[in-house]
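Structure, as structure tokens:
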Amino acid sequence: MPSNAADASAASADAPSRPPRGRYAPSPTGLLHVGNARTALAAWLSVRSRGGTFILRIEDIDRPRAVPGMAEAAVEDLAWLGLDWDEDPFKGGPFGPYTQSQRTEHYERALQILHEEGRLFPCRLSRKELAGIASAPHAGEEGPPYPASARPSQVAAGWYETLQRQKSPDAAIRFRVHDRPVRFVDRVHGSIEENVTDTVGDFVLKRRDGLYAYQLAVVVDDWLMEVDEVVRGADLLSSTARQIQLIEALGAPRPEYAHVPLVVAEDGARLSKRDGALTLRALRERGVRPEEVVGWMASSLGLLDRPARCTAAGLLNAFAWPRIPSSSSVASKELVPTF
């Protein structure tokens, strides 16, 4: 892990051009639904159409929500769909392990770097307390933005080492954001600009219960696995600016981003893994063929004019990011195309 931004930037500048490295990183909290699988298909097509390396990573960092057997089920369902990969938790690879719960030493090393850069501080305020002092009238999925007034002007010497030694830490660890706009170009949604101070504020990287935040784990994993293209659902577009701040603070290279529009139910609600009717496993058990599912996905992604039976490999020549729409697609509970 590079010790500073200059070392990482120099290494990146000297690195020869190479085929892309992309990934799909499901959470083992339930069976994959067609929305999850469609994002996986887009990620696979983008990398494979350019002769790149595809990684399957299991993001089980939120251990209380992980369901036994779901990682294996994801592998089976994606293979049924016609996707393959070069590195995963089962066959391994040069940047393993590929399961987040086995990568805690990497997250601790990243936290140490950020601490040495002066970008971390302890937070003992509860979400309720933060809501009471927040100046912003709005709140996102994670609550109101962390108010600048709550950020400590100084912290006690040795606070980080003391907190890390505690068996039951009395504080979360937050990342100190800067107030400059973050700008990036998304391959689906175009130019994005966000001031993280206004939208999120200083955000948690390690909770009081010892769990690492998704924002930290995904940045560190993509960095150390040399992922240079991040394809994921549009619901994670709002995470990108704060992740870019982390990337810059760690001195890591910034990947390219593409946020695939979501698949929604007929009532407009976002699909959930709890909606068993639209999981790949349920479709398989109903006798739906993988070529039918891929055909529906390809049509909803703008790669086919209408649903038609096809394989994932058969779409490689048709794939292009400008063809992907930015609006959500509706999936009926039947999802059996009429050809």
Side-chain angles (χ1 to χ4, degrees), residues 1-2 5 7-9 11-28 36 39-61 71 74-75 78 83-107 109-110 113 182 184-189 192 205 212-237 239-260 319 321 324:
M1 184 178 286
D7 291 344
S9 297
S12 178
D14 294 339
S17 177
R18 66 175 189 187
R21 286 179 59 84
R23 50 76 162 177
Y24 180 62
S27 299
N36 304 139
T39 298
L41 175 64
W44 183 88
L45 288 170
S46 183
V47 168
R48 290 297 195 220
S49 65
R50 291 175 289 148
T53 298
F54 195 57
I55 301 165
L56 180 68
R57 184 174 73 223
I58 301 300
E59 296 195 339
D60 64 342
I61 200 66
V75 168
L78 292 171
L83 307 188
D84 65 349
W85 42 88
D86 306 290
E87 303 166 22
D88 70 18
F90 307 102
K91 69 177 68 172
F95 302 105
Y98 294 87
T99 300
Q100 282 186 334
S101 58
Q102 300 172 15
R103 298 179 59 80
T104 56
E105 64 181 272
H106 298 301
Y107 310 144
R109 289 170 64 196
I113 291 172
V182 174
F184 64 97
V185 177
D186 186 86
R187 287 179 170 165
V188 177
H189 301 273
I192 307 289
L205 295 185
Y212 302 95
Y214 163 78
Q215 312 298 345
L216 175 69
V218 72
V219 163
V220 172
D221 290 344
D222 286 340
W223 176 22
L224 297 185
M225 293 179 186
E226 299 187 2
V227 170
D228 50 26
E229 178 180 83
V230 172
V231 178
R232 55 193 180 190
D235 54 325
L236 292 171
L237 182 60
S239 293
T240 306
R242 74 187 95 162
Q243 289 178 13
I244 288 174
Q245 283 215 22
L246 273 178
I247 288 167
E248 293 172 346
L250 289 167
R254 184 192 297 193
E256 298 292 327
Y257 292 99
H259 289 82
V260 181
F319 183 81
W321 281 114
I324 307 298

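The existence of a salt bridge linking Asp86 and Arg48 is confirmed by a sub-4.0 Å separation between a basic side-chain nitrogen and an acidic carboxylate oxygen. The residues Arg23 and Asp221 are annotated as not salt-bridged, no charged nitrogen and carboxylate oxygen being separated by less than 4.0 angstrom.
What you find for Leu216 and Leu205 is that their closest heavy atoms are CD2-O, 3.9 Å. Taking all atoms of both residues into account, the shortest heavy-atom contact from Pro19 to Gly52 is CB-CA, 3.8 Å. Here the shortest heavy-atom pairing between Arg187 and Arg50 reads NH1-NH2, 3.9 Å. The two residues Ala258 and Val188 make their nearest non-hydrogen contact at CB-CG2, 4.5 Å. The nearest pair of heavy atoms linking Pro28 to Asp60 is CG-CB, 3.7 Å. The shortest heavy-atom contact between Val75 and Phe90 is CG2-CE1, 3.4 Å.
Under the 4.5 Å side-chain criterion, counting only non-hydrogen atoms from C-beta, Tyr214 is in contact with Leu236. The closest side-chain heavy-atom distance from Trp223 to Pro253 is below 4.5 Å. When side chains are defined from C-beta on, Ile58 does not count as touching Gln102, because their heavy atoms never get closer than 4.5 Å. Side chains of Pro255 and Ile247 form a contact here, defined as non-hydrogen atoms less than 4.5 Å apart. For the pair Tyr98/Lys91, no side-chain contact is recorded, criterion being any heavy-atom separation below 4.5 Å from C-beta on. A 4.5 Å side-chain heavy-atom check between Trp321 and Val231 finds at least one atom pair inside the cut-off. Asp222 has its side chain out of reach of Gln243: every pair of non-hydrogen atoms, C-beta onward, lies at least 4.5 Å apart. Ile244 places a side-chain heavy atom less than 4.5 Å from the side chain of Tyr257.
Rounding to the nearest 0.5 Å gives a distance of 8.0 Å between CD of Glu87 and CE of Met225. Distance check, rounded to the nearest 0.5 Å: CG of Leu78 to CG of Asp88 gives 10.5 Å.
Within the 3.5 Å criterion, the main-chain N or O of Glu248 finds no donor-acceptor partner in the side chain of Arg254. Listed for the Trp44 side chain is a donor-acceptor partner under 3.5 Å among the backbone atoms of Asp84. Side chain of Tyr24 to main chain of Asn36: a donor-acceptor pair is present (N/O by atom type, distance under 3.5 Å, no hydrogens or angles).
If you check the side chains of Thr99 and Arg103, you find no donor sitting under 3.5 Å from an acceptor.
Of the residues Gln245, His189, His259, the one that meets the side-chain hydrogen bond (donor to acceptor under 3.5 Å, both in side chains) test with Thr240 is His259.
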> Do Ile61 and Tyr107 pass the side-chain contact (heavy atoms from CB on, under 4.5 Å) test, and can you show the C-alpha distance, the side-chain angles, and the key distance before you say yes or no?
Replying inline: CA-CA 11 Å; Ile61 200 66; Tyr107 310 144; 3.6 Å; yes
